[in-house]
J.: 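Sharing a structure below in structure tokens format, with a few things to ask.
All values below were derived from every heavy atom in this structure, side-chain atoms included, with hydrogens, water molecules and symmetry-related copies excluded.
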Amino acid sequence: MFAHLSKLLVGFLLLKLVSFYLGAEGLGRLGHFMSLLTILSILAGGGILNGVIKYAAEYRNQPFKLVGFVSSAASYSLIFSLLLFVLGVIFSQPIAGVIFGDAQLYPYIIVLALAQVGFSFTNLIIGVCNGVGQNHIYAKIQIIGSLLALPLCWALVANGGLKGAIVGLVCSLLATVFPAFFYSFKTKLSRLVRLSVRGDHDFRKLFRYTLMLLASAIAFPLVEILVRQHLIVMSGYQEAGVWQAATRLSSAYTGLFSVALAYWFVPIISAEKNWLKIHYKTMRILFFVMAVFASGAVVFYWWRSFFIVLLLSHDFNGLLNIIHFQLLGDFFKIGSYVIGFVAVAKAAAKLYIFAELAQSLLFVFFAVCLERNYFGAQGVMMGYAVTYFIYFMACLVVFLVCSRRFCKRGVID
């Protein structure tokens, strides 16, 4: 839990630094890059983190299978990250033009492309550690990385302006590579792992997770870029910055729930074969998670004047009268996370991909439609709330229908 809290703290402090030194307009200009950073941090190494956790948990008592799988996962991750690096270098100028509105900033895209190779290594180590039950190593990696990142990011944002903030954002994620590298070579497993491209069966299993993460890593952040660009054109960088602040706050606290579910809930459901037990455990966790979030959301909203200035700055007071739309959307989003992770745990790739694409299309539709009737960030955040209400209800109905059907079988094949 301390690891998750340290990650949450770094996210909040980095947002505070950017908000304080660059204001709402500066945060609006960084929005596209933040979305790209999110895409690459998840997709680095093929986006196989959840898959590594699942299969490492399954093979933890079968040493030969575990070593073979981790070797395949390491090879898969390296190949994918190197491919992303090459593509990033080749297309760095057009990407910079889209992300920054200035193709001359392409060196920062190359830096990010190189950094994602490090992201992929960290994701692999964290996935294996959590899968085999060595959560204390993940905690140390995250906490040490946070301690390394904070002073460096502060110096970069305070002294480097917009460009310094770009590098600082990359460093905030890259800092975990150093403790991950250290702890990986202290384990016996790392000495047995061999890079190989012959693990066809494992590669196929991991590729399903790549497809699932391609949907989630590309779909929603890409949609954010499209919606943000629409907001910039229609209302300007100030409104885009206000909305960006709300989404970053949202990402920080919903990310805590997502990480907790990935490292705690997924291994439990992955190992469970009885659908009746899966249904019972999922519903119990669903009610618990939504109750916890609702309690926190009420406190945040009641003291929103204090928290918005504390976490951001006075430049973001425009959030005071519209933040409830974001909180409402996040409430339903957290609920859909719980049900969605059942699909992840059971590697239901097609269902997961369809769900991710559906929520992205819903958000674009409602955000653009409501932004026309309600100025700026308010319309977009109203669209967000409507999207996740519909998405959560759809997820819940599908889960209950599937539960009724599979409970008759009792056991998943």
J.: When you compare the side chain of Ser77 with that of Asn123, does any pair of heavy atoms fall below 4.5 Å?
T.: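 No; the side chains remain at least 4.5 Å from each other.
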J.: Is there a donor-acceptor pair closer than 3.5 Å between any side-chain N or O of Gln326 and the backbone N or O of Thr247?
T.: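 It does not hold such a pair.
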J.: Given side chains that start at C-beta, do those of Met290 and Phe331 come closer than 4.5 Å, heavy atoms only?
T.: yes
J.: For the residue pair Phe69 and Val128, establish whether any side-chain heavy-atom pair is separated by less than 4.5 Å.
T.: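 Heavy-atom side-chain distance check fails, nothing below 4.5 Å.
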J.: Do other residues, nucleotides or ligands put more than 12 heavy atoms under 6.0 Å from Phe12 CZ?
T.: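 Buried by this count: over 12 neighbours within 6.0 Å.
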J.: Do Leu286 and Leu396 come within less than 4.5 Å of each other through their side chains, counting heavy atoms only?
T.: yes
J.: Nearest 0.5 Å, please: how far is OG in Ser251 from CD in Gln244?
T.: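 Taking CD in Gln244 and OG in Ser251, the distance rounds to 8.0 Å.
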J.: Do Ser250 and Asp330 pair up side chain to side chain, a donor and an acceptor below 3.5 Å, judged on atom types alone?
T.: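 On atom types as modelled, these side chains qualify, holding a pair under 3.5 Å.
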J.: Honestly, is Arg304 close enough over Tyr301, meaning NZ or CZ under 6.0 Å from the six-membered ring centre and within 45° of the axis?
T.: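 Positive - Arg304 is close enough to the ring of Tyr301 and near enough to its axis.
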J.: Could you grab the distance from atom OG of Ser81 to atom CZ of Phe119, nearest 0.5 Å is fine?
T.: 11.5 Å
J.: For Tyr59, give me all partners under side chain to side chain donor-acceptor pair (under 3.5 Å), at least two apart in sequence or on another chain.
T.: Lys205
J.: Once you round to the nearest 0.5 Å, how far does CG of Leu36 lie from CD1 of Ile109?
T.: 5.5 Å
J.: Take the angle between the ring planes of Tyr253 and Phe293 and call it parallel below 30°, perpendicular above 60°, tilted in between.
T.: tilted
J.: Below 4.5 Å, heavy atoms only, C-beta onward: do Val111 and Val167 meet side chain to side chain?
T.: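 SC-SC contact between Val111 and Val167 ruled out.
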J.: Quick one: salt bridge (Lys or Arg N to Asp or Glu O under 4.0 Å) partners of Arg248, sequence neighbours excluded?
T.: none
J.: Working note: Phe182 + Phe178, criterion ring pair (Phe, Tyr, Trp, His ring centres under 6.0 Å); need CA distance, chi angles, decisive distance, verdict.
T.: CA-CA 6 Å; Phe182 174 76; Phe178 302 104; over 10 Å; no
J.: Under a 3.5 Å distance rule, please check whether Glu25 uses its side chain to pair with a backbone N or O of Gln238 as donor and acceptor.
T.: no
J.: Does either side chain, that of Thr210 or that of Tyr76, offer a donor lying less than 3.5 Å from an acceptor on the other one?
T.: yes
J.: Do Ser35 and Arg228 have side-chain N/O donor and acceptor atoms under 3.5 Å apart?
T.: yes
J.: Is the shortest side-chain heavy-atom distance between Trp302 and Val299 below 4.5 Å?
T.: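 Trp302 does not reach Val299 side chain to side chain.
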J.: Going from CG on Leu27 to CG on Leu22, what distance comes out if it is rounded to the nearest 0.5 angstrom?
T.: 8.0 Å
J.: Quick one, Leu226 and Val368 - any side-chain contact, counting heavy atoms below 4.5 Å?
T.: no
J.: Partners of Phe332 by ring pair (Phe, Tyr, Trp, His ring centres under 6.0 Å), sequence neighbours excluded?
T.: Phe389, Phe392
J.: Tell me if the CZ atom of Phe80 is crowded by more than 12 foreign heavy atoms within 6.0 Å.
T.: yes
J.: Taking the side chain as everything from C-beta on, heavy atoms only, tell me whether Lys16 gets closer than 4.5 Å to Leu311.
T.: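 Of all side-chain heavy-atom pairs linking Leu311 with Lys16, none is under 4.5 Å.
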